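Predicted model, so just to flag it, every value in this text is computed and none were measured.
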Amino acid sequence: LVAEASSLLQELVEKERLETEAQQKLQQALDEEDLAGLEIAVSLCKTLRLPLQPDVDETLKQWRKEAAERQAVEEELEAALSSEDPVAVREVLARARTKLRSEVLL
């Protein structure tokens, strides 16, 4: 009986440690605007069935969207640079600047 109680206590302590660690990782990822870290922390919180702040899922969606947009611009720019067409490079850069300005103004 004592061994069983001790085992249950250890499990509880370990669960609390994991919950604290998950919440710290979540806050750190939000503070550092770290997409990969946020994805890991959200997954960990969901696995542990911890409640998430109301805006975390929306933040994750927004960061994923922004990362995909950046990736698309980078791919466009790489293609333009590899074509060695200065007009194409200028057009891609102009679109990227316009997009960046519109995001800054939001």
Rounded distance (nearest 0.5 Å) linking atom [atom1] of [X] with atom [atom2] of [Y]:
X     : Y     : atom1 : atom2 : result
Lys61 : Lys65 : NZ    : NZ    : 12.0 Å
Glu91 : Asp85 : CD    : CG    : 7.5 Å
Leu38 : Gln27 : CG    : CD    : 10.5 Å
Leu48 : Glu16 : CG    : CD    : 12.0 Å
Leu50 : Glu19 : CG    : CD    : 4.5 Å
Lys25 : Leu18 : NZ    : CG    : 9.5 Å

Check whether Leu35 and Ile40 end up in the same hydrophobic cluster, where Ile, Leu, Val, Met, Phe, Trp and Tyr are linked by side-chain heavy atoms less than 4.5 Å apart. no
Please determine whether side-chain contact (heavy atoms from CB on, under 4.5 Å) holds for the pair Leu30 and Gln53, giving the CA-CA distance in whole Å, both sets of side-chain angles, and the decisive distance to 0.1 Å. CA-CA 11 Å; Leu30 288 168; Gln53 299 166 4; 3.7 Å; yes
Any donor-acceptor pair under 3.5 Å linking the side chain of [X] with the backbone of [Y]?
X     : Y     : result
Ser6  : Val2  : no
Ser43 : Glu39 : no
Ser7  : Ala3  : no

Atom of [X], atom of [Y] and distance for their closest heavy-atom approach:
X     : Y     : value
Gly37 : Ala29 : C-CB, 3.5 Å
Trp63 : Asp34 : CZ3-N, 3.7 Å
Leu26 : Cys45 : CD2-SG, 4.3 Å

Has Glu32 got more than 12 heavy atoms of other residues, nucleotides or ligands less than 6.0 Å from its CD? yes
Can you tell me if CD on Glu14 sees more than 12 non-hydrogen neighbours from other groups inside 6.0 Å? yes
Is there side-chain contact between Asp57 and Lys46, with at least one heavy-atom pair below 4.5 Å? yes
So, Arg17 and Glu21, do they make that salt bridge, N to O below 4.0 Å? yes
Check against salt bridge (Lys or Arg N to Asp or Glu O under 4.0 Å), Glu11 and Lys15: CA-CA 6 Å; Glu11 287 179 29; Lys15 184 175 187 239; over 6 Å; no
